[in-house]
Amino acid sequence: MRIATWNVNSIRARVERVVDYIVREEIDVLCMQEIKCRDNQFPYEQFTAAGYEVVLHGLNQWNGVAIASRLPLEDVQITFPSQPGFGEPDADGNAPLEARAIAATVDGVRLWSLYVPNGRELDHPHYVYKLEWLRGLARDTAGWLAESPDMPLALLGDWNVVPYDHDVWDIREFAGSTHVSPPEREAFFAFEAVGLKDVVRPLIPEGYTYWDYKQLRFPRNEGMRIDFIMGSPAFAELVDSAVIARDERKGDGPSDHVPVVVDLVREGDEDDRPMIW
DNA sequence: ATGCCTGTAACGTACAGA
């Protein structure tokens, strides 16, 4: 089973590119972030014509997450229990929940498509929100692992955190910025503390997943590694290979992020690329 | 060329992104 995560930066703006890619690369399950649309605006037709079923959570032009799969999607869940809201509180004093998390189970594997808040500035309320969002997710993850330790689980998405200095082209450019601050890194590494690991990094130690549209960042290869697949022990032992699809940043109308892909193979399954296993 | 930012809402300009 081949699984990918991709911040598509508007699905309506580049549905052809996205569907072409998942068909060409035989992606079985695609976790998308920043679809930037509501359910009734999503281009379902192109996905269904290519053999993919789609579940999504999209409220408006901001954020939005989805999972497309050519294998059956089960137990779909929108938002995680500890997910905090952001913005003007309602009459009950609760800030609205944003469209940043959706989960589904595919052939016994639990997958979360996640768009972690950006944080904006270190002194911005969005930064506090980002840290609380990550801490809430880590707390829930610990619970899921305790409840179902044998079920392969992965948190896939745009984490908006730079774990290591070498995950950007020049750490000096990021002094005083979000993404690299110690509290953000602590919030990220807390997922390792509860038992997840980055399943791509051991296979692909170097490489970025995002390049800003501005200032010739891609031609200069001035990027950031911020899209990760964090897997439970049961998930990690299925991972056979990984790809960061850097070529998807080229050409006309790319997203500023590229797909991050893993192949899962079950013990005893010697097929190169089993579609059903 | 991988090239100086892009998408959405709304139709001029604001906001968000990392």
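Within every chain, numbering begins at 1; the chains are lettered A, B, ... in the order of the sequence lines, protein sequences first and strands thereafter.
A distance-only check finds a donor-acceptor pair linking the side chain of A/R17 to the backbone of A/D252 [under 3.5 Å]. Within the 3.5 Å criterion, the main-chain N or O of A/D75 finds a donor-acceptor partner in the side chain of A/R110.
Along DNA chain B, the nucleotide nearest A/H179 and the nucleotide nearest A/G253 are compared for position; the residue whose nucleotide lies closer to the 5' end is A/G253. Each of A/A13 and A/F174 was matched to the nucleotide of DNA chain B holding its nearest heavy atom; the match closer to the 5' end belongs to A/A13.
Separation of the A/Y208 and A/W169 ring centroids does not fall under the 6.0 Å cut-off.
Contacts with DNA chain B (heavy atom under 4.0 Å) in residues 220-230 of chain A: A/M224, A/I226, listed by number.
Using cut-offs of 30° and 60° for the angle between ring planes, the A/W144 and A/W112 rings count as parallel. Ring planes of A/W211 and A/F218: perpendicular class, angle over 60° (limits at 30 and 60°). In this pair, A/H126 and A/F86 present their aromatic rings perpendicular. The plane angle is above 60°, beyond the 30 to 60° band.
A/R246 places its CZ atom 17 Å from the P atom of B/dA1, with the value rounded to the nearest Å. Taking atom CG on A/N9 and atom C1' on B/dA18, their separation rounds to 12 Å, with Å as the unit. The separation between A/D252 atom CG and B/dC5 atom P is 17 Å, rounded to whole Å. Regarding A/Q61, its CD atom lies at a distance of 13 Å from the P atom of B/dC11, rounded to whole Å. As a whole-Å value, the separation of A/L134 CG from B/dA18 C1' is 14 Å. Taking atom CZ of residue A/R38 and atom P of nucleotide B/dA9, one finds them 7 Å apart after rounding to whole Å. Rounded to an integer number of Å, the gap from A/W169 CH2 to B/dA18 P is 13 Å. Between the P atom of B/dT8 and the CD1 atom of A/I35 lies a distance of 12 Å, rounded to the nearest Å.
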Atom pairs, N/O to N/O, protein against nucleotides 13-17 of chain B, distance under 3.5 Å?
from   : atom 1 : to     : atom 2 : distance (Å)
B/dG17 : OP2    : A/R120 : NE     : 2.9

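One finds no side-chain N or O of A/Q215 lying less than 4.0 angstrom from the OP1 or OP2 phosphate oxygen of B/dT6. A close approach under 4.0 Å does occur between a side-chain nitrogen or oxygen of A/R14 and OP1 or OP2 of B/dG7. Regarding contacts with the backbone of B/dA9, a side-chain N or O of A/R12 is found under 4.0 angstrom from either OP1 or OP2. Look at A/S10 and you won't find any side-chain N or O under 4.0 angstrom from OP1 or OP2 of B/dT6.
Screening residues 53-75 of chain A for ring-ring contact (aromatic ring centres under 6.0 Å, His included), with sequence neighbours left out, gives no hits.
For B/dA1 and B/dT6, the P atoms lie 16 Å apart once the distance is rounded to whole Å. Straight-line distance between the P atoms of B/dA18 and B/dG7: roughly 14 Å, to the nearest whole Å.
Side-chain N/O atoms of A/E98 and A/Y129 include a donor and acceptor closer than 3.5 Å.
Which of B/dT8, B/dG7, B/dG3 sits closest to the side chain of A/P219 comes down to B/dG3.
In this structure, the separation between NE2 on A/H179 and CG on A/L122 is 10.5 Å, given to the nearest 0.5 Å. With values rounded to the nearest 0.5 angstrom, A/K130 atom NZ is found 7.0 Å from A/S181 atom OG.
A/Q33 comes within 4.0 angstrom of no nucleic acid atom, judged by non-hydrogen atoms across all strands.
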